[in-house]
Amino acid sequence: QVQLVESGGGSVQAGDSLRLSCAASGRTLGFASMGWFRQAPGKEREFVSGIDWRGAATIYGNSVKGRFTTSRDNAKNTVYLQMSALKYEDTGVYYCARSTQVSITTEEGDYDYWGQGTQVTVSS
């Protein structure tokens with residue numbers, strides 16, 4: 001059993017930065033890759049970023065590429081999402097999730113544990 005808790009969301013102006021954290025408890029993240037997803041009002045959940053089990057590889061959705069950076073600290077059982085140059089279009093609820101694989105996956109169905117989400121609101 002793994003519990004994931006996101007934190008760091010808030011309301012900011014366009015161009016600002018936020019750092020989201022995802023703390024895991026219950027079990028260590030171990031060899032699982034991790035992902036960040038977001039869901040804006042009226043839209044489907046969207047893949048934001050993924051990081052492999054070791055933190056050696058990352059991938060990003062096209063809409064955030066070059067602006068967001070994900071990392072992990074397995075000793076702290078924590079995953080991070082550094083968001084820069086935020087846009088109004090980045091507004092949404094951000095979720096971290098644990099996958100069933102060691103490599104990165106963009107498919108929601110490959111993730112078995114999800115956090116409760118943290119709200120990010122960007123004003124233009």
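Applying the ring-ring contact (aromatic ring centres under 6.0 Å, His included) test to Tyr94 and every residue at least two apart in sequence or in another chain returns nothing. In this structure, the side-chain contact (heavy atoms from CB on, under 4.5 Å) partners of Thr100, at least two apart in sequence or on a different chain, are Asp112. Among residues two or more places apart in sequence or in another chain, the side chain to side chain donor-acceptor pair (under 3.5 Å) test is passed with Asp52 by none. For Ala40, the side-chain contact (heavy atoms from CB on, under 4.5 Å) partners two or more places apart in sequence, or in a different chain, are Lys43. With sequence neighbours left out, Ser84 forms a side-chain contact (heavy atoms from CB on, under 4.5 Å) with Ser17, Gln82. Contacts of Tyr80 classified as ring-ring contact (aromatic ring centres under 6.0 Å, His included), with partners at least two apart in sequence or in another chain: none. Thr121 meets the side chain to side chain donor-acceptor pair (under 3.5 Å) test with Gln119; sequence neighbours excluded. Looking at residues two or more places apart in sequence or on another chain, you find a side-chain contact (heavy atoms from CB on, under 4.5 Å) between Ala75 and Asp73. Ser33 pairs by the side chain to side chain donor-acceptor pair (under 3.5 Å) definition with Ser99, not counting sequence neighbours. For Phe31, the ring-ring contact (aromatic ring centres under 6.0 Å, His included) partners are Trp53, not counting sequence neighbours. Applying the side chain to side chain donor-acceptor pair (under 3.5 Å) test to Glu46 and every residue at least two apart in sequence or in another chain returns Arg38, Ser63.
Applying the salt bridge (Lys or Arg N to Asp or Glu O under 4.0 Å) definition to pairs two or more places apart or across chains, none involves residues 4-20.
Checked against the 6.0 Å centroid threshold, Trp36 and Phe68 do not count as a close aromatic pair.
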